[in-house]
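Per chain, numbering begins at 1; letters A, B, ... match sequence-line order.
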2 protein chains.
Amino acid sequence: MNYKEFKKIYASSSRDIAREVFLENRDSIQIKKEKTAVKNLEKIFNAVFRISYKKGFQAMSMRDLSRETGMSLGSLYAYFSGKEKLLCTIQTHGWSIIKTNLEQISATYENPREKLRAVIKGHIFLSEFFSPWFYFTFMEARNIKPSELETVKSMEEYTQKIVTNILRSGEDQDIFKPDNHELTASMIKAMQQEWYLKRWKYRKLNVSVDQFADHLIDIVEAFCLAQKKLLVEDKSCR
Amino acid sequence: MNYKEFKKIYASSSRDIAREVFLENRDSIQIKKEKTAVKNLEKIFNAVFRISYKKGFQAMSMRDLSRETGMSLGSLYAYFSGKEKLLCTIQTHGWSIIKTNLEQISATYENPREKLRAVIKGHIFLSEFFSPWFYFTFMEARNIKPSELETVKSMEEYTQKIVTNILRSGEDQDIFKPDNHELTASMIKAMQQEWYLKRWKYRKLNVSVDQFADHLIDIVEAFCLAQKKLLVEDKSCR
DNA sequence: AAAAAAAACGAACAGACGTTCGCATTGTTG
DNA sequence: CAACAATGCGAACGTCTGTTCGTTTTTTTT
């Protein structure tokens with residue numbers, strides 16, 4: 001599967017995401033009409049991402065946000081009870097996007113090698129598709145208050161566990177070689193994060209998301225596959 | 001080389017770093033006596049790192065810094081002309097630490113395989129030793145003003161180029177297999193960064209810096225070494 | 001088109017921010 | 001132990017912050 005095919009299957013617009021957030025927070029949002037609320041939520045999120053990317057969420061003032069969205073200060077507070085709540089909503093929903101999609105992808109495949117490929121690629125393609133959400137979720141994580149922070153950290157551990165488990169079950173079937181799979185999973189995650197944290201670099205290098213994902217999989221398989229399988233190139237599930 | 005040996009060779013205290021910063025900025029610092037200045041600079045840097053780690057540099061107020069250092073607001077401004085200057089000084093010196101040490105390590109070895117190992121390990125050991133500097137340099141990079149930002153970005157490219165060049169010269173000597181070395185170097189860097197960005201995770205997993213570095217080198221060599229060399233384990237330069 | 005509901009507005013407020021500066025304290029020199 | 005320089009101090013200033021709320025504008029309903 002390449003990114004183009006991926007997009008066809010998992011297509012969902014930023015409008016769709018805004019609608020999800022609206023339905024989840026209907027009680028705390030003062031706007032009744034779905035159409036109005038969704039339209040403005042979308043505007044708000046995009047503005048937050050644009051400003052935060054440049055100077056960070058803390059440095060973004062509500063007046064910045066008002067200017068960028070074209071909405072007044074008063075209006076903004078009809079959509080969120082405060083700046084803190086806004087941050088928290090984006091964080092929570094960001095993780096929910098990652099979790100939901102990754103679980104679905106993981107459940108689709110049985111064979112560990114295929115599964116590993118699918119999950120690695122899936123994560124990268126997701127981060128490409130929801131780039132601002134991923135970037136924001138990572139970079140602004142430390143700004144949320146301690147009570148919510150535990151939720152976020154457990155999410156982080158959860159997504160890593162998915163990869164660890166694949167490696168472990170692959171080892172049981174003699175497809176992957178034995179090793180410290182927690183550590184390997186961490187490394188994989190670090191390389192996946194690279195894609196959305198340093199996107200500007202790869203645009204400059206003219207590296208496509210497909211190239212990046214394939215390269216990462218090559219590295220992982222060169223290390224993880226049991227030796228005897230190493231020289232037998234399996235192009236079938238590429 | 002392991003971390004313990006590394007520390008012996010490259011030992012320098014946070015006091016030493018403070019002295020370097022003092023000597024570099026003697027004209028903009030109002031304090032004349034080296035002993036006083038260095039002592040307080042050290043206090044200031046440590047306080048900045050502690051606070052910034054928790055809530056970020058932007059969110060740190062000068063009153064926070066005053067409280068954490070035990071110095072008055074007025075005193076702080078004798079050491080730095082302003083908050084912006086403080087950020088800039090730490091950023092600049094952080095990169096200088098990385099660059100200077102990495103160049104020295106790189107120059108020590110000739111053989112590409114040894115050189116690659118030394119540079120990878122060196123970077124990780126450096127980041128362990130100067131952990132707050134590395135973390136701060138990465139996480140607060142986007143807060144510096146655009147004019148200085150180019151300097152920082154070129155530093156980033158420079159340190160990556162060191163690895164790219166090793167891979168290239170290794171390919172010429174048939175030690176490494178041909179590939180997109182820029183991309184591989186990026187991946188290596190991403191994994192190196194993982195160590196100082198997520199240090200809490202590895203403390204929890206009980207993974208030592210030596211284990212981490214060795215694991216990373218195993219991954220890199222499994223992928224980079226030319227096939228015929230792959231099964232011949234070379235323990236000599238571990 | 002009148003009445004009611006929903007949404008948008010932005011001046012105003014209290015508090016926190018970075019920075020300054022006149023004065024107090026400490027350390028050094030003759 | 002004066003005299004002086006060096007350093008430390010924190011109240012005070014203007015600006016910017018997040019947030020509120022009475023009002024106006026827009027949309028929907030009658």
**Request:** Provide, to the nearest angstrom, the distance between the CD1 atom belonging to I44(A) and the P atom belonging to dA7(C).
**Result:** 13 Å
**Item:** Integer-rounded Å distance: dC9(C) C1' and M71(A) CE
**Value:** 11 Å
**Prompt:** Are any of S61(B)'s side-chain N or O atoms less than 4.0 Å away from OP1 or OP2 of dA16(C)?
**Reply:** no
**Item:** Residue whose nearest DNA chain D nucleotide is more 5′ - F57(A) or G74(A)
**Value:** F57(A)
**Item:** Distance-only polar pair, side chains of K201(A) and Q160(B), donor-acceptor under 3.5 Å
**Value:** yes
**Fill in**
K83(A) atom NZ is separated from dT19(D) atom P, nearest whole Å, by 8 Å
**Request:** Compare all side-chain heavy atoms of M139(B) with those of F136(B) and state whether any distance is below 4.5 angstrom.
**Result:** no
**Message:** Under 4.0 Å, heavy atoms only, any strand: does F80(A) hit a base, just the sugar-phosphate, or nothing?
**Reply:** nothing
**Prompt:** What is the nucleic acid contact for L73(A), judged by heavy atoms within less than 4.0 Å: base, sugar-phosphate only, or nothing?
**Reply:** base
**Request:** Round to the nearest Å and state the distance from L65(A) atom CG to dT17(D) atom C1'.
**Result:** 14 Å
**Prompt:** Are any of K33(A)'s side-chain N or O atoms less than 4.0 Å away from OP1 or OP2 of dT28(D)?
**Reply:** yes
**Request:** Decide whether a cation-pi geometry holds between K83(A) and F57(A); the criteria are a distance under 6.0 Å from NZ or CZ to the six-membered ring centre and an angle within 45° of the ring axis.
**Result:** yes
**Message:** What contact category does N40(B) fall into here, base, sugar-phosphate, or nothing, at under 4.0 angstrom with non-hydrogen atoms?
**Reply:** sugar-phosphate
**Prompt:** Does Y158(B) have K99(B) sitting over its ring (NZ/CZ under 6.0 Å from centre, angle to axis within 45°)?
**Reply:** yes
**Asked** Taking only N and O in the side chain of S75(B), is any of them less than 4.0 Å away from OP1 or OP2 of dC9(D)?
**Response** yes
**Prompt:** Hey, is the side chain of Y77(A) poking within less than 4.0 Å of OP1 or OP2 on dA8(C), counting only N and O atoms?
**Reply:** no
**Candidates dG18(D), dT27(D), dA12(D) - which lies nearest the side chain of M62(A)** = dG18(D)
**Prompt:** Over how many whole Å does the gap from Q58(B) atom CD to dC17(C) atom C1' extend?
**Reply:** 12 Å
**Asked** Rounded to the Å, how far apart are K32(B) NZ and dC4(D) C1'?
**Response** 15 Å
**Residue R63(A), side-chain atoms from C-beta onward, closest of dA6(C), dT19(D), dC9(D)** = dT19(D)
**Item:** d(CD1, I51(B); P, dG18(C)) in whole Å
**Value:** 11 Å
**Message:** If we check side chain to side chain contact (heavy atoms under 4.5 Å, CB included) with I29(A), which of these qualifies: L23(A), N40(A), L41(A)?
**Reply:** L41(A)
**Prompt:** How close or far is atom C1' of dT20(C) from atom CD of Q30(B), stated in whole angstroms?
**Reply:** 11 Å
